[in-house]
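Structure first, commentary second.
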Amino acid sequence: SNAPHTPLHAKPEDMARYKGTYAEGWEKIRAARFQRQKELGVIPQDWELPGLTPGVPAWEDIPEDQHELMALYMEIYAGLVDNLDQNVGRMIDELDQLGILDNTLFIITSDNGASSIGGPDGAANFAEKRVTQQESPELANQMMAEGRMGAVDTAPAYPTGWANAGNTPFRFYKRTPMNGGIRVPFIAHWPARIADAGMVRDQWMHVTDVLPTLLDILGAQYPEQFGGYRTRSMDGTSFREALFDADAEKCRETQHYELE
């Protein structure tokens, strides 16, 4: 699935579950997420939450009559993720009924950090705003009043404040080589093989390591040729042992990042 990539589309019943959830604004949501990450052991206890990324307005500086709209952007996003979760659940239920769930490896990750494409104010139609660099300030309010935001004939993108919250505990976003652009969640579920369920790994790994790891687990070889052409060699390294052993040696030392 490519969800929750922009444009943000969600079913009304999924969005409705989150009505009011984000009314406190991105700073309070971000602070709560930071505390939760510490409680889960995802980040070290001595880390401090940096201030908002430059260019992100404080929630209190957003005009009060725009708070509902700003929160709506995140309600759409949450509804989209909720629907994705429902369908992951359907697949899990089916595998469970087939008796193969415990021996199925699930990986959930992302290609980059949360996106700032909506700009400080968000975008009701990010595709057009991206080209013209402008959007009528009334468009989003009109679409919200009509109950259309998040429908398939719209193309919303949330404001940078929510991207900042989405990248907690880091700053900046997708399309930057900062931590907020390149560090993402990685969740692996395989009850039959991963003995210490719920534990956190601190070995460093990169998305290009996923394919080598899967091939290593399967005992499969990457083809040297395909369709009569020589294939490009893999860039990554298997982190197979780290799945099973929290103390396994890390599989790589360095990674180069380049932006455009």
Side-chain angles (χ1 to χ4, degrees), residues 1-22 29 32-33 36-37 39-42 71-115 117-118 126-127 147-158 162-163 165-168 174 183-201 205-220 236 239-240 242-244:
S1 172
N2 73 325
H5 199 289
T6 49
L8 304 178
H9 295 144
K11 296 178 180 179
E13 61 269 26
D14 293 330
M15 291 168 51
R17 295 189 188 93
Y18 298 92
K19 189 67 179 175
T21 301
Y22 303 101
I29 296 292
R33 290 184 177 187
R36 179 66 173 153
Q37 288 170 344
E39 293 170 1
L40 291 170
V42 175
L72 174 61
Y73 279 114
M74 199 59 175
E75 291 168 12
I76 301 170
Y77 176 89
L80 175 55
V81 173
D82 189 303
N83 191 264
L84 173 63
D85 193 43
Q86 292 172 44
N87 285 283
V88 170
R90 290 174 58 205
M91 182 164 57
I92 286 174
D93 288 345
E94 185 68 21
L95 291 171
D96 194 25
Q97 290 180 26
L98 293 171
I100 58 176
L101 175 61
D102 283 357
N103 198 33
T104 299
L105 172 61
F106 274 85
I107 292 175
I108 297 178
T109 188
S110 177
D111 60 338
N112 47 243
S115 172
I117 196 172
F126 87 93
R148 292 177 53 222
M149 283 282 276
V152 293
D153 61 342
T154 68
Y158 58 33
W162 292 125
N167 284 329
T168 307
K174 166 186 173 178
R183 286 190 177 258
V184 299
F186 183 95
I187 301 169
H189 179 267
W190 194 5
R193 297 293 304 277
I194 301 175
D196 54 341
M199 298 304 291
V200 177
R201 300 287 189 262
M205 54 187 72
H206 187 260
V207 67
T208 54
D209 300 332
V210 174
L211 178 57
T213 302
L214 296 178
L215 293 175
D216 189 11
I217 288 170
L218 294 169
F239 56 79
R240 176 180 181 273
L243 287 176
F244 311 132

For this session: Identify, with sequence neighbours excluded, every residue that meets side-chain contact (heavy atoms from CB on, under 4.5 Å) alongside Glu13.
Result: Lys11
Exercise. Who are the ring-ring contact (aromatic ring centres under 6.0 Å, His included) partners of Tyr22, not counting sequence neighbours?
Worked result: Trp162
Seminar exercise, completed: Sequence neighbours excluded, the answer for side-chain contact (heavy atoms from CB on, under 4.5 Å) partners of Leu40 is Arg36, Val42
Exercise. Who are the side-chain contact (heavy atoms from CB on, under 4.5 Å) partners of Val184, not counting sequence neighbours?
Worked result: Thr109, Ser110
For this session: Ignoring hydrogens and angles, tell me if any N or O in the side chain of His189 forms a donor-acceptor pair with the backbone of Thr104 under 3.5 Å.
Result: no
Check: residues 74-81 side-chain donor-acceptor pairs under 3.5 Å, at least two apart:
residue: Glu75; atom: OE2; partner: Gly20; partner atom: N; Å: 3.3

Problem set entry | Partner residues of Ile217 under the side-chain contact (heavy atoms from CB on, under 4.5 Å) criterion, sequence neighbours left out | Leu105, Trp190, Thr213, Arg240, Leu243
For this session: Indicate the atoms forming the closest heavy-atom contact of Met149 with Pro156, along with that distance.
Result: CE-CB, 4.2 Å
Seminar exercise, completed: Heavy atoms of His9 and Thr154 approach each other most closely as NE2-O, 2.6 Å
Problem set entry | Distance-minimising heavy-atom pair for Arg17 and Asp14 | NH1-OD1, 2.6 Å
Exercise. Partners of Asp111 by side-chain hydrogen bond (donor to acceptor under 3.5 Å, both in side chains), sequence neighbours excluded?
Worked result: none
Problem set entry | Partners passing ring-ring contact (aromatic ring centres under 6.0 Å, His included) against Phe106 (at least two apart in sequence or in another chain) | none
Exercise. Going by heavy atoms in the side chains, are Leu8 and Tyr73 under 4.5 Å from each other?
Worked result: no
For this session: Return the set of residues passing side-chain hydrogen bond (donor to acceptor under 3.5 Å, both in side chains) with Asn167 (not counting sequence neighbours), or none when no residue passes.
Result: none
Just list the side-chain donor-acceptor pairs under 3.5 Å for residues 87-96, sequence neighbours left out, or say none.
residue: Asn87; atom: OD1; partner: Arg90; partner atom: NH1; Å: 2.7
residue: Asn87; atom: ND2; partner: Asn83; partner atom: O; Å: 2.8
residue: Asn87; atom: ND2; partner: Asn83; partner atom: OD1; Å: 3.2

Seminar exercise, completed: Sorted by chain and number, sequence neighbours left out, side-chain hydrogen bond (donor to acceptor under 3.5 Å, both in side chains) with Arg183 holds for Asn179
Problem set entry | Non-neighbouring partners of Asp216 that pass side-chain hydrogen bond (donor to acceptor under 3.5 Å, both in side chains), sequence neighbours left out | Ser238
Problem set entry | Which atom of Ala163 lies closest to which atom of Ser115, heavy atoms considered | CB-O, 3.1 Å
